[in-house]
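Data block below; observations after.
In the text below, chain A, chain B and the rest are named by the order of the sequence lines, each starting its count at 1.
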Amino acid sequence: MTDVSVTRASDLGGLANPARPLSPIDVGAYDDATLRHFLTLLFRIRFAEEKVGELVERGLAKAPCHLGIGQEAVAVGVSAALNARDRVFGGHRSHSHYLALGGDVYKLLAEVLGKLDGTSRGMGGSMHLYGRELGFYGSVPLVGATIPLAVGAGIAAQMEGQGAVGVCYFGDGATEEGVFHESMNLASAMRLPVLFVCENNLFSSHLDINLRQPSDRIGRYGDAHVVNTRSVDGNDTVAVAKAANELVTHARNGGGPGLLEAVTFRHRGHVGPKEDIDVGVRRRQSDIDAWKRVDPIPRLISALRDANRMTAGEIAQLEQSVRKEIDEAATRAEAAAYPEERALLDLVYIGGASK
Amino acid sequence: MTDVSVTRASDLGGLANPARPLSPIDVGAYDDATLRHFLTLLFRIRFAEEKVGELVERGLAKAPCHLGIGQEAVAVGVSAALNARDRVFGGHRSHSHYLALGGDVYKLLAEVLGKLDGTSRGMGGSMHLYGRELGFYGSVPLVGATIPLAVGAGIAAQMEGQGAVGVCYFGDGATEEGVFHESMNLASAMRLPVLFVCENNLFSSHLDINLRQPSDRIGRYGDAHVVNTRSVDGNDTVAVAKAANELVTHARNGGGPGLLEAVTFRHRGHVGPKEDIDVGVRRRQSDIDAWKRVDPIPRLISALRDANRMTAGEIAQLEQSVRKEIDEAATRAEAAAYPEERALLDLVYIGGASK
Amino acid sequence: MTVRATYGEAIRLGFEYLMERYSNVFCIGQGLWSPWYVGNSMTDLDHKFGRHRVIDTPVSELACTGAAVGASLCGYRAIVIHPRMDFMVLAADPIINQAAKWSHMLGGQAAPAVTVRAIINRGGEQGAQHSQALHSWFAHIPGLRVVMPATVQDARDLLISAVLCDDPVMYIDDRWLYDLSEDLPDVVERDLRSEKPRVLRSGKDVTLVGSSYSTLLCQQAAVELEKQGIDAEVIDLRVLNPLDTTSVVESVAKTGRLVAVDGGWRTAGLAGEVIARVSESLGRFKSRPIRVTLPDAPAPTSKPLEAIYYPDSQRVIEAVQETLAVAR
Amino acid sequence: MTVRATYGEAIRLGFEYLMERYSNVFCIGQGLWSPWYVGNSMTDLDHKFGRHRVIDTPVSELACTGAAVGASLCGYRAIVIHPRMDFMVLAADPIINQAAKWSHMLGGQAAPAVTVRAIINRGGEQGAQHSQALHSWFAHIPGLRVVMPATVQDARDLLISAVLCDDPVMYIDDRWLYDLSEDLPDVVERDLRSEKPRVLRSGKDVTLVGSSYSTLLCQQAAVELEKQGIDAEVIDLRVLNPLDTTSVVESVAKTGRLVAVDGGWRTAGLAGEVIARVSESLGRFKSRPIRVTLPDAPAPTSKPLEAIYYPDSQRVIEAVQETLAVAR
Ligand SMILES: Cc1ncc(C[n+]2csc(CCOP(=O)(O)OP(=O)(O)O)c2C)c(N)n1
Ligand SMILES: Cc1ncc(C[n+]2csc(CCOP(=O)(O)OP(=O)(O)O)c2C)c(N)n1
Ligand SMILES: [Mg+2]
Ligand SMILES: [Mg+2]
């Protein structure tokens with residue numbers, strides 16, 4: 001588009017500004033085990049993605065890897081509102097979505113390396129993850145593609161009448177795809193139990209949202225489609241969990257779909273482990289630095305310590321054990337086998353060789 | 001979709017209710033010639049479409065013909081805001097859009113009959129009209145398809161810098177197509193001079209809008225895409241003309257796109273001359289009767305007479321002369337020649353036989 | 001027990017069979033509550049099975065198709081209906097990028113057992129955006145199965161096989177066939193993976209290959225040709241993807257002559273594929289094979305142009321005569 | 001005066017030539033302000049010609065393509081760029097239902113002189129949604145012209161011809177060719193309507209037909225085959241739609257043997273069309289024609305599967321050897 005000013009005012013009431021005065025994370029509503037679980041997941045996602053970055057740098061992972069480092073709180077918070085009957089779909093940046101549901105790091109790393117033990121039996125790589133046993137029904141990289149699939153999961157859930165929800169994660173860029181709007185309208189008109197989770201990281205690859213949309217607040221689409229909407233601090237695990245829980249509960253009770261806008265930022269570039277300072281349109285070192293200061297992990301750690309929920313020692317120990325888990329998983333994944341050649345034709349159709 | 005109540009409340013503040021107390025049409029802002037022109041166009045469109053209905057009933061017009069009888073005020077009002085540099089696109093129900101720009105009834109009827117003298121040289125029929133000399137850049141029946149084309153006309157206009165606008169007409173149903181949203185966002189982000197005209201007739205073929213969308217007010221999409229929006233009485237030629245003029249003037253001056261929602265109703269069925277009482281979901285005779293009581297033509301006539309702008313005699317004479325014009329055009333069109341067979345291959349590519 | 005039905009009614013019988021027996025089958029698409037969108041092929045299904053199982057939709061081909069794919073990943077067997085193939089172009093992504101690829105791309109674990117019903121609805125001066133027969137596109141996409149019934153029985157039975165198949169299937173029917181009528185035996189559920197092209201009529205002089213309405217043209221031509229002493233074998237492809245041309249090759253090995261008839265465009269279309277397969281297998285014909293297809297032009301509207309646009313059985317007959325002009 | 005350039009640079013030279021000389025040319029597409037989306041094929045064009053003429057866009061393939069078509073109806077010559085053909089599937093409507101049909105459907109009066117640039121960007125373990133080569137789909141659509149440059153010079157010159165052509169043209173380039181390098185003569189503007197397949201190498205034993213990267217495979221194979229005493233003729237299709245196979249037919253009339261190579265899927269694809277055309281014209285070969293294509297499977301990601309998925313020149317050589325196994 002023509003060069004609209006990228007300094008246009010934000011409609012997000014501070015959420016897009018990492019230098020705003022922060023309200024501290026309010027851990028009051030959750031018990032110790034849950035909070036420890038949140039932190040475990042945050043660590044696991046963070047370190048697993050850092051490991052993926054290493055595998056890319058070492059030339060072992062060839063598939064495009066989109067890291068969500070800095071955005072982990074979204075998936076952790078959302079997953080807290082879900083149960084085993086719900087069906088979750090992701091996109092190109094879905095390591096966190098898989099892991100936050102309880103996904104296995106070894107399977108993830110094996111998949112990233114194209115190995116048979118991977119989540120998708122080595123047929124997908126980083127951008128195509130699967131974990132049905134967890135309720136993770138699949139992620140694929142075509143932007144916006146899984147949004148209507150989650151609506152279909154909502155139809156299924158409505159027919160079953162068991163209170164399940166369909167969930168999809170997508171980015172701010174995906175809301176520029178028509179299918180997002182068609183899906184919101186369909187879900188709204190049918191009052192389907194669907195949770196639309198927009199990770200608004202203010203960028204779509206190299207482009208700032210202000211270069212692509214007339215406002216940086218994705219929530220306005222929820223208003224237009226008459227969908228219950230919450231815009232929250234996406235770097236606050238608890239805020240995300242609470243908002244997700246509200247919307248999901250409403251949906252389970254027949255109140256129709258919800259749109260959760262979690263405002264966040266990715267520390268790394270669009271694809272691969274670099275920070276992409278040079279290539280972005282307004283992606284300055286100072287922006288990244290400012291966002292790193294509101295990193296969801298230290299923020300949750302401070303809150304846990306301030307509230308005396310975990311000691312520094314416990315946290316350090318947890319960190320160590322997660323790091324160890326991931327190193328071991330990586331070593332195993334590197335050594336694992338590739339799929340056999342016949343998979344190429346055998347998997348085209350379900351149940352055996354194409355005939 | 002599942003059976004949502006079709007009696008859901010309207011968000012249109014009365015515009016969707018033909019039985020509301022009507023404000024009289026305010027002709028004060030326009031001179032006699034303009035008002036006479038409005039009435040001429042209303043008559044021409046109405047009688048031309050009635051003639052098309054006859055041609056269908058007589059088995060002469062075979063192509064699907066979508067009549068907009070009852071909706072004429074929209075195109076007449078919008079066209080009043082346009083000039084020769086503007087570029088207008090239509091859809092499946094576009095007889096009025098073509099005629100309101102000054103289109104020729106003979107060419108229209110010839111096209112409807114598939115004759116060489118038609119607007120599209122007999123290659124299009126009722127659903128594919130063209131009149132570049134009038135600024136009518138084309139209408140095609142794939143729902144929503146011309147919306148992004150008008151955005152392209154907006155890009156062209158912005159590049160030319162001559163104050164032109166791109167215009168497209170579409171229905172409430174078309175706003176369910178993703179391309180509508182993508183187009184609105186693109187036009188808004190680029191601040192393009194585009195007028196989006198939604199003829200909200202509350203139906204998409206057999207389905208009431210309340211069975212397809214969570215609200216009957218299309219204007220909410222303008223809010224979401226940060227586009228200047230007006231929702232008006234689509235059966236009031238003057239109200240449409242004024243709102244269109246405001247939005248177009250704004251767009252010409254670099255203020256970005258506008259969305260005009262004109263609320264109206266079609267007297268006839270989705271396709272063909274019948275009223276479709278039986279086949280619609282909530283398309284009752286009483287609805288049609290109520291909407292006929294707010295027919296745009298008698299309403300403008302009353303206003304003209306009340307304001308002493310035209311006498312009953314003048315109006316009757318005008319009506320007579322338009323009817324005559326149309327009868328003559330129909331007679332000529334029936335007698336006109338079909339395109340030659342070689343058009344089938346010659347027109348596939350521009351400038352001659354496919355090679 | 002047989003029942004007399006037209007092609008349109010047979011489709012409806014297929015839907016009824018499925019929805020009565022399988023509670024996880026549902027239909028979604030534009031016009032399903034309307035009496036006119038899909039001819040008589042789904043009349044009153046919404047009343048019989050409820051509007052929650054026969055869902056009429058907003059004008060949103062992309063999301064509705066994607067939703068059908070999504071529901072099918074969750075154990076349902078959704079049938080998404082596109083009253084015109086032209087509009088389905090807007091839903092190409094969920095069909096070809098999603099449904100067709102999920103099994104392969106996710107290691108054979110995710111099976112969107114969706115059925116995409118695409119209706120060819122042409123003629124009647126509807127013009128270029130309301131007439132397309134794009135089956136060749138979908139025959140080109142691995143991971144998708146494509147069926148095109150030509151007979152009344154197949155109209156019912158291939159629909160049933162399509163819906164019961166674990167893979168995504170496109171079921172394409174043609175409104176021009178709706179008035180064909182036939183006696184139907186009871187339904188026998190058949191595994192789509194075993195369904196193949198079928199020799200509808202055996203003959204020794206020339207092989208005619210068609211699918212859907214083109215098969216009807218071949219059959220009509222064969223009847224006429226018989227009167228002229230020409231013995232045509234007619235093969236109905238039925239399943240376009242994955243395409244098995246074994247029987248076509250065997251037939252041409254016998255007859256030496258091939259006329260491939262198709263209701264789509266010529267270039268890079270199905271009829272060319274048939275000729276290519278036979279050429280690859282046999283390397284030679286008694287006389288040059290011929291395609292009878294649409295010309296490479298969009299559908300016109302005007303009456304005289306429509307009349308020459310769509311091939312008829314006479315064109316098939318002429319093609320056969322041409323192949324026979326070379327000494328037998 | 002010649003200039004040395006790679007295929008990627010040649011595309012950029014084409015853009016530069018057009019934008020310098022024709023003020024009504026503009027570019028629109030995803031990633032045009034990014035240094036990595038389209039390789040080196042458009043580097044810094046936004047800075048050179050201004051961001052109003054090189055427009056980076058939201059993630060809206062459908063509207064952006066439609067907008068390019070619309071602007072092209074208003075006297076502009078828009079080039080809409082799709083960094084991956086897979087994503088362009090979302091824009092099928094404005095390409096095939098609109099651009100390809102407007103001339104015909106509106107009586108030859110409306111010419112959307114738009115160029116749709118589609119990039120094939122496969123390999124690198126990107127998988128099924130980031131690898132597709134769907135040129136056969138677009139070769140099937142009348143009203144659209146489709147070009148696929150195989151050489152550095154064509155990369156530049158066919159782009160220029162495409163944009164200057166009054167019809168909608170799809171220009172398809174392949175990232176695997178970007179490092180080819182060649183000396184380029186000055187630009188001579190050529191009417192796309194006169195551009196045809198080209199015999200790149202003449203030979204008498206077998207005819208190899210390719211387009212884009214497949215042509216390169218044919219050339220590489222021909223070099224190897226020469227060492228084995230086999231004299232291959234190589235034909236580069238260049239223009240897939242409307243497809244003119246006269247020179248292919250002439251060649252096979254001479255060699256009697258045909259290997260059709262294509263980077264797309266096998267069934268209902270371009271290679272089959274080439275075989276069909278030759279069969280229709282000649283009716284017989286010295287030995288069975290062979291296609292070398294992708295298998296009918298989505299693109300895998302895993303390294304060992306990618307290695308067997310994409311055909312290489314060795315596969316072409318083997319196919320030639322197979323055709324020659326039958327006595328000459
Ligand atoms: C349909 C489609 N168009 C374009 C792309 C290229 N692409 C991959 S990721 C991406 C950015 C998406 O941005 P957003 O949705 O905000 O997600 P984020 O990367 O910020 O997580 C784009 C444009 C694609 N994969 N699919
Ligand atoms: C892409 C597409 N989908 C479906 C159709 C079938 N169709 C033709 S007109 C129409 C209704 C459109 O309703 P609306 O946009 O409100 O316009 P109206 O008919 O009320 O003027 C539909 C669904 C079509 N022509 N194109
Ligand atoms: Mg983003
Ligand atoms: Mg309407």
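- Counting non-hydrogen atoms of neighbouring residues, nucleotides and ligands closer than 6.0 angstrom, the CG atom of C:Asp312 exceeds 12 such neighbours.
- In this structure, chain B has no heavy atom under 4.5 Å from any part of C:Glu306.
- If you measure heavy-atom distances from C:Ile28 to chain B, you find no contacts under 4.5 Å at all.
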- Start with the C-alpha gap between C:Asp56 and C:Gln30, add the side-chain angles, then the distance that decides, and say whether side-chain hydrogen bond (donor to acceptor under 3.5 Å, both in side chains) holds. CA-CA 5 Å; C:Asp56 203 335; C:Gln30 270 172 59; over 6 Å; no
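- One finds no salt bridge joining B:Arg283 and B:Asp208 here, because no Lys/Arg side-chain nitrogen approaches an Asp/Glu carboxylate oxygen to under 4.0 Å.
- With salt bridges taken as basic N to acidic carboxylate O contacts below 4.0 Å, none links B:Glu111 and B:Lys115.
- B:Ser96 OG to B:Glu49 CD: the interatomic distance, rounded to the nearest 0.5 Å, is 6.0 Å.
- Using a 4.5 Å cut-off between heavy atoms, B:Met123 contacts chain C through both its backbone and its side chain.
- The candidate from B:Gly178, B:Gly124, B:Ser126 with the greatest count of non-hydrogen atom pairs under 4.5 Å with chain C is B:Gly124.
- Ion pairing of B:Glu176 with B:Arg212 is present here, as a side-chain N (NZ or NE/NH1/NH2) and a carboxylate O approach within less than 4.0 Å.
- At a heavy-atom cut-off of under 4.5 Å, chain C is reached by B:Val140, B:Pro141, B:Leu142, B:Val143 from residues 139-151 of chain B, listed in order of number.
- At a threshold of 4.0 Å, the pair C:Asp46-C:Arg51 counts as salt-bridged, since one of the basic side-chain nitrogens sits closer than that to a carboxylate oxygen.
- Ring pair B:His97/B:Phe136: centre-to-centre distance not below 6.0 Å.
- Each of B:Lys62, B:His270, B:Glu177, B:Glu341 has some count of heavy-atom pairs under 4.5 Å with chain C, and the biggest count is that of B:Glu177.
- Proximity to chain B (any heavy atom under 4.5 Å) is restricted, for C:Tyr37, to the side chain, taken from C-beta onward.
- Salt bridge status for B:Lys51 with B:Glu54: present, with a side-chain N to carboxylate O gap under 4.0 Å.
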